[in-house]
**Student:** 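Following this message is one structure expressed as structure tokens.
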Amino acid sequence: MLRPLLRASAALAFAALLAPATPSAAPAPGLAYDEIVRVVINATPPPPGNFQADLAALSASPAPVAQATPAPKKRGLGGLAGIAGAVLSGGGAGSVAGAVAGAAISDAMANAVQQSLGAQFGALAGAMTAFLQPHLTRYAYYNGWERVDDVTAQTATIRKCDIGQVLHLDLARKTYTVYTPADEPTDAPAPVPAPRRGRQAPPDPAQPGTATVTLSEATRALGSLRIENQATAGFDSTTTFAMSNATGSCRDGSASVETVQYLSGLHQPAVTACPIRRRAVPDSATGFVAPPSGGCRPTFAASRSGPTPPTGRLALYSLFRLSAGAGATPAPAPSGGPGGFAFLTERGNLKTLGAADAGLFGVPPGFTKAP
């Protein structure tokens with residue numbers, strides 16, 4: 001539903017995943033870094049510059065033990081639940097996808113998501129459960145190539161799309177598989193659990209509808225901060241979505257996404273000639289918005305204020321916090337304090353890569369091809 005307005009901003013948000021120009025014969029220095037991603041539930045997130053302490057805590061923590069899903073409590077999603085039937089929605093007519101978390105995660109998340117948002121968000125709910133425990137990933141970029149190591153799963157994916165090659169490494173079994181960029185497998189959608197009890201998700205209204213959607217963004221500068229021995233500039237932006245005067249399949253509602261980022265002077269690495277891939281967690285306010293469908297056709301008004309953060313820069317700290325309400329005017333997300341849920345990404349252990357590191361992007365010695 002937000003496609004007409006968000007097309008340009010979405011292009012910027014995912015610019016890091018688009019193909020750059022073909023690298024020259026003398027490639028620029030590459031970059032490697034570690035990344036910790038988590039979902040923060042009703043708690044104050046770690047402050048910027050806390051990467052090493054969080055990495056040490058993660059390394060010292062035992063592997064999570066699978067437990068039975070707790071029975072859902074009587075309380076529902078609270079303020080976040082309203083986003084299903086109220087925020088920029090007509091059932092499936094475009095929604096703020098981040099609303100599947102919040103109290104749903106802490107209270108039998110998957111079941112609550114199914115009841116409050118419907119089956120279309122079950123896969124996203126399942127994906128977010130993977131980040132309830134902090135998740136460590138290692139990235140390496142050089143010569144237009146990318147290597148992504150999932151530390152917990154002991155796997156690595158190497159993308160050299162300019163030469164038509166994607167390698168999947170099983171580091172534990174010492175095996176590898178080769179794909180073309182078009183044939184690289186993607187994660188299967190998480191199974192959607194059937195609701196156990198409580199109200200069912202309302203059916204999507206079939207009739208067309210109209211509404212007025214107001215989008216606004218207010219940004220303030222947070223000043224400079226040195227993180228991981230890199231100079232960064234901080235920005236706090238609040239993006240609000242509000243729908244009013246709704247008819248038919250459109251519904252009045254509102255949401256607010258707060259974005260806190262500390263951007264380094266380093267360019268966000270890119271991969272040559274690879275397909276666009278959406279990150280597992282949002283890296284912009286538009287990342288919360290699901291693709292539009294259904295019959296709701298609103299008109300838009302947009303505005304912004306404050307400084308414009310630079311684009312294409314590697315963020316060493318990114319916090320995305322969602323709040324929602326049933327009315328047409330969203331309450332601002334609380335800045336820095338506990339409550340609700342947020343996605344947090346921290347990056348550190350930055351290292352410059354050169355020609356001597358090219359071996360990172362090939363099959364390691366002793367590995368055999370998987371059958």
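Computed from heavy atoms alone, side chains included, the values below leave out hydrogens, waters and symmetry copies.
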**Student:** Side-chain contact, heavy-atom cut-off 4.5 Å: Pro134 with Asp54?
**Tutor:** no
**Student:** Taking Arg147 for its side chain and Leu360 for its backbone only, find out whether a donor-acceptor pair lies under 3.5 Å.
**Tutor:** yes
**Student:** To the nearest 0.5 Å, what is the distance between CG (Leu136) and CZ (Arg138)?
**Tutor:** 5.0 Å
**Student:** Do Thr210 and Thr299 make a side-chain contact, defined as non-hydrogen atoms from C-beta onward lying under 4.5 Å apart?
**Tutor:** no
**Student:** Within the 4.5 Å heavy-atom criterion, are Leu167 and Val363 side-chain neighbours or not?
**Tutor:** yes
**Student:** Are Trp145 and Leu171 co-members of a hydrophobic cluster defined by side-chain heavy atoms under 4.5 Å apart?
**Tutor:** yes
**Student:** If you compare all heavy atoms of Ala358 against all heavy atoms of Tyr142, which two are closest, and at what distance to 0.1 Å?
**Tutor:** CB-CE2, 4.4 Å
**Student:** Does the side chain of Gln154 come within less than 4.5 Å of Asp170's, by heavy atoms?
**Tutor:** no
**Student:** Tell me whether Arg220 contacts the main-chain N or O of Leu222 through its side chain, where contact means a donor paired with an acceptor under 3.5 Å.
**Tutor:** no
**Student:** List the steps and the verdict of side chain to side chain contact (heavy atoms under 4.5 Å, CB included) for Leu55 and Ile36.
**Tutor:** CA-CA 8 Å; Leu55 180 62; Ile36 299 174; 4.1 Å; yes
**Student:** Leu353 versus Tyr141: any side-chain heavy-atom pair under 4.5 Å?
**Tutor:** no
**Student:** Please name the pair of heavy atoms, one in Tyr262 and one in Ile227, separated by the smallest distance, quoted to 0.1 Å.
**Tutor:** CB-CD1, 3.8 Å
**Student:** Taking a hydrophobic cluster as the set of Ile, Leu, Val, Met, Phe, Trp and Tyr residues connected by side-chain heavy atoms closer than 4.5 Å, whether directly or through intermediates, do Phe361 and Tyr176 fall within one such cluster?
**Tutor:** yes
**Student:** Working note: Asn349 + Gln52, criterion side chain to side chain contact (heavy atoms under 4.5 Å, CB included); need CA distance, chi angles, decisive distance, verdict.
**Tutor:** CA-CA 8 Å; Asn349 290 340; Gln52 293 300 332; 2.8 Å; yes
**Student:** When you compare the side chains of Gln261 and Ser318, does any donor N or O come within less than 3.5 Å of an acceptor on the partner?
**Tutor:** yes
**Student:** So which atom in Ala273 and which in Cys161 form the shortest heavy-atom distance, rounded to 0.1 Å?
**Tutor:** O-CB, 3.4 Å
**Student:** Do Asp150 and His135 come close enough that some side-chain heavy atom pair is under 4.5 Å?
**Tutor:** yes
**Student:** Any idea which heavy atoms bring Glu346 and Asn50 closest together, and the distance?
**Tutor:** OE2-C, 3.9 Å
**Student:** With a 4.5 Å cut-off on side-chain heavy atoms, are Thr155 and His168 touching?
**Tutor:** no
**Student:** Taking Arg313 for the side chain and Gly265 for the main chain, is one N or O donor matched with an acceptor at less than 3.5 Å?
**Tutor:** yes
**Student:** Atom CG in Leu225, atom CG in Leu316: separation rounded to 0.5 Å?
**Tutor:** 9.5 Å
**Student:** Working to the nearest 0.5 Å, report the span between SG of Cys274 and NZ of Lys160.
**Tutor:** 11.5 Å
**Student:** Strictly by modelled atom types, are Ser216 and Thr240 linked by a side-chain donor-acceptor pair under 3.5 Å?
**Tutor:** yes
**Student:** Does the Arg347 side chain pair with the main chain of Ala315, one donor and one acceptor, at a distance under 3.5 Å?
**Tutor:** yes
**Student:** Quick one: closest heavy-atom pair of Pro269 and Tyr33, and the distance?
**Tutor:** CG-CE2, 4.3 Å
**Student:** Can any side-chain N or O of Glu146 pair as donor or acceptor with the backbone N or O of Ala270 at less than 3.5 Å?
**Tutor:** no
**Student:** For Val151, is there any backbone N or O sitting under 3.5 Å from a side-chain donor or acceptor partner on Asp149?
**Tutor:** no
**Student:** Just by distance, no angles: are the side chains of Ser244 and Thr212 close enough, under 3.5 Å, to form a donor-acceptor pair?
**Tutor:** no
**Student:** Can any side-chain N or O of Ser237 pair as donor or acceptor with the backbone N or O of Thr259 at less than 3.5 Å?
**Tutor:** no
**Student:** Let's go through Val40 and Arg38 carefully: what are the C-alpha distance in whole Å and the side-chain angles of both, what is the deciding distance for side chain to side chain contact (heavy atoms under 4.5 Å, CB included) to 0.1 Å, and is it a yes or a no?
**Tutor:** CA-CA 6 Å; Val40 181; Arg38 75 186 75 188; 3.8 Å; yes
**Student:** For Asn245, does its backbone N or O pair with a side-chain atom of Asp252 as donor and acceptor, under 3.5 Å?
**Tutor:** yes
**Student:** Asp357 side chain to Gly354 main-chain N or O, any donor-acceptor pair under 3.5 Å?
**Tutor:** yes
**Student:** As a quick check of understanding, evaluate side chain to side chain contact (heavy atoms under 4.5 Å, CB included) for Val257 and Phe241, giving each step before the final call.
**Tutor:** CA-CA 8 Å; Val257 180; Phe241 308 79; 4.1 Å; yes
**Student:** Mind checking whether Val260 and Leu314 sit in one hydrophobic cluster, side chains of I, L, V, M, F, W, Y counted as touching below 4.5 Å?
**Tutor:** yes
**Student:** Please test Glu258 against Thr238 for side chain to side chain donor-acceptor pair (under 3.5 Å), starting from the C-alpha separation and ending with a verdict.
**Tutor:** CA-CA 4 Å; Glu258 183 191 23; Thr238 298; 5.0 Å; no
**Student:** Ignoring hydrogens and angles, tell me if any N or O in the side chain of Arg304 forms a donor-acceptor pair with the backbone of Pro307 under 3.5 Å.
**Tutor:** yes
**Student:** Are Val148 and Leu31 connected in the hydrophobic side-chain network, where two residues link if heavy atoms are under 4.5 Å apart?
**Tutor:** yes
**Student:** Is there a continuous path of hydrophobic side-chain contacts, each under 4.5 Å between heavy atoms, that joins Tyr317 to Leu350?
**Tutor:** yes
**Student:** Which pair of heavy atoms, one from Thr157 and one from Glu184, lies closest together, and at what distance?
**Tutor:** CG2-OE2, 3.8 Å
